[in-house]
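Residues: numbered from 1 along the sequence shown. First listed ligand is number 1; within each ligand, the first listed atom is number 1. The figures here come from the full heavy-atom set of this structure, side chains too, leaving out hydrogens, waters and symmetry mates.
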Amino acid sequence: DPNSRRELHHVNSPLQIFVKAKKNINDIFGDISDYVVESTNFIEGLAQGHIDIVDKAETETFRGFVFKINNIREVLARDHMKVAFFGRTSNGKSSVINAMLRDKILPSGIGHTTNCFCQVEGVDGHDAYLMREGSEEKLNVTSIKQLANALCQEKLCESSLVRIFWPRERCSLLRDDVVFVDSPGVDVSQNLDDWIDNHCLNADVFVLVLNAESTMTLAEKSFFHEVSGKISKPNIFILNNRWDASASEPECQESKDALEKVKAQHQERCIDFLTKELKVSTVKEAEERVFFVSARETLQGRLQEANGLPAHTGALAEGFQSRYFEFQDFERKFEECISKSAVKTKFEQHSSRGKTIANDMRLMLDNIFERVNDLRNQKLEQKKFLTDKISTTETQLMVVTREMKMKIHNMVEEVEQKVSKALNE
Ligand code: GTP
Ligand code: MG
């Protein structure tokens, strides 16, 4: 049953690394938020008390901590994994995304050239809609055909963005917070710099979709040179798409060696590109980043499967099974790469900011504690002769501050432990 198989894949998916880390870090910030609110209330209580220990500026700073923590939590809730697809026109970028999403979501093929950036992201509920850049208006999408037409009619600048919100319930990748970005062909644009600044800087993974029937073009190469100039060590996967078409070539049908030879040639060029030209990975890494697939066939196979038929009924040429496996292999390695990268780039920032806030708080509380201590000693001096009558408020204050100090120290330790545990996981 394809549904239960997909469910199983979902549970075992490497994307869960990100999903679980997000839940963990979210819980940790929930705890921090509770501590901070509690401490702030305590400090405000002190400020309103009879003894002059905490000044107005300090209470303000404490209130600032609450604000900062809430901000981080808001950003955290929106954090996702982002993958962007590039390549020459008609190489099959939109088809690859559709194959991964297991549905014809993005328009592809003749007359449906992608003419601006299209971002597909998950949304709760049953209805799909789209939004144009700079507009809050939700345009309903009742059918895929309508979406295709709406996108065709968009007379937008090619570097502008249309966001397509697709129900999470219809796709496990969207459910796990993967966001897909489709682009127009790299050969049609003069604004590659804008593209990178506007759409690439926060991408966790790039997929270069090539046409296996031809060689990598200069436009494709120079685009990725620019990307790796602006982003240190971008994660790049290379898909040699339309591999079914190469398999159908007469000379390849006559001898299997011919196909293998073409494959070896492409493989070498792609690996050289990643290692020697871009210098973004080692040969060993690069070997795991180059794939030979057929997006169109994979999508067809998956649509057949969804209808209860065997996947191979969607085959376009001989050798379906190995191309289908290779696509799945790509997806698995992609999922592993994107989830690890996103955890690192997104959550490392949050955890270090969280640590800084915890540290600032500890310093301030230590400071207050010292002052309380001094005050107590002063009063003790004054009241030496009344040693047995130390006011109960002072003792209480001592106890409370000591507890508070302990709590904060424990909290900082606990947070640090949790954060490093989550990051290690
Ligand atoms: P632009 O948006 O115009 O830049 O193109 P694109 O890169 O998004 O390509 P698209 O997915 O629209 O595919 C172009 C055409 O190639 C469509 O007719 C697809 O059906 C076809 N196509 C895509 N992938 C494959 C494949 O793996 N094998 C074969 N035989 N055809 C494919
Ligand atoms: Mg396209």
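Between Trp243 and ligand 1, no N or O atom pair is found at a separation short of 3.5 Å. Residue-to-ligand polar distances keep Asp182 apart from ligand 1: every N/O pair is separated by 3.5 Å or more. Taking any N or O of Ser108, backbone or side chain, none lies under 3.5 Å from an N or O belonging to ligand 1. Residue Ala295 places at least one N or O, backbone or side chain, under 3.5 Å from an N or O of ligand 1. Between Ser183 and ligand 1, no N or O atom pair is found at a separation short of 3.5 Å.
The nearest protein atom to atom 20 (O) of ligand 1, hydrogens excluded, is given as Arg296 CD, 3.3 Å; this is a heavy-atom distance. Of the protein's non-hydrogen atoms, Ser90 O, 3.7 Å is the one closest to atom 14 (C) of ligand 1. Nearest to atom 30 (N) of ligand 1 among the protein's heavy atoms is Asp244 OD2, 3.0 Å. The nearest heavy-atom contact from the protein to atom 11 (O) of ligand 1 is Ser95 OG, 2.6 Å. With hydrogens left out, the protein atom closest to atom 24 (N) of ligand 1 is Asn241 ND2, 3.1 Å, a heavy atom.
Atom numbering of ligand 1 starts at 1 in the shown order; those under 4.0 Å from a heavy atom of Gly185 are 4 (O). Listed by number with element, the atoms of ligand 1 under 4.0 Å from a non-hydrogen atom of Asn91 are 7 (O). The Ser294 neighbourhood of ligand 1 comprises atoms 26 (C), 27 (O), 28 (N), with distances under 4.0 Å to a heavy atom of that residue. Interface of Thr113 with ligand 1, defined as ligand atoms under 4.0 Å from a residue heavy atom, comprises 2 (O), 3 (O).
Residue contacts to the Mg ion (ligand 2): Thr114 brings an N, O or S atom closer than 2.8 Å. Residue side and main chain included, Ser95 places no N/O/S atom under 2.8 Å of the Mg ion (ligand 2).
Below 30°, between 30° and 60°, or above 60°: for His266 and Phe292 the angle between ring planes is between 30° and 60°, a tilted geometry. By the 30° and 60° cut-offs, the orientation of the rings of Tyr129 relative to Phe165 is parallel.
For the residue pair Asn70 / Arg73, no side-chain donor-acceptor distance below 3.5 Å is found, with atom types taken as modelled. A side-chain N or O of Thr89 and one of Asp187 form a donor-acceptor pair less than 3.5 Å apart. Side chain to side chain, Glu220 and Asn91 meet the donor-acceptor criterion of an N or O pair below 3.5 Å. A donor-acceptor contact closer than 3.5 angstrom is absent between the side chains of Gln16 and Ser13. Inspection of the Gln321 and His312 side chains reveals no N or O donor paired with an N or O acceptor under 3.5 Å.
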Item to check | Stepwise ring-ring contact (aromatic ring centres under 6.0 Å, His included) test for Phe327 and Tyr324 | outcome: CA-CA 5 Å; Phe327 198 91; Tyr324 196 53; 8.0 Å; no
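Summarising the contacts of atom 12 (O) of ligand 1 with Gly92, Pro184, Gly109, the nearest heavy atom is found in Gly109. Within the set Lys93, Glu213, Arg242, the minimum heavy-atom distance to atom 6 (P) of ligand 1 is found for Lys93.
A salt bridge does not link Glu287 with Lys284: every distance from a Lys NZ or Arg NE/NH1/NH2 to an Asp or Glu carboxylate oxygen is 4.0 Å or more.
The two atoms that bring Lys346 and His80 nearest to each other are NZ-O, 3.4 Å, heavy atoms only.
Geometrically, Arg170 engages Trp166 in a cation-pi contact defined by less than 6.0 Å to the ring centre and at most 45° from the axis.
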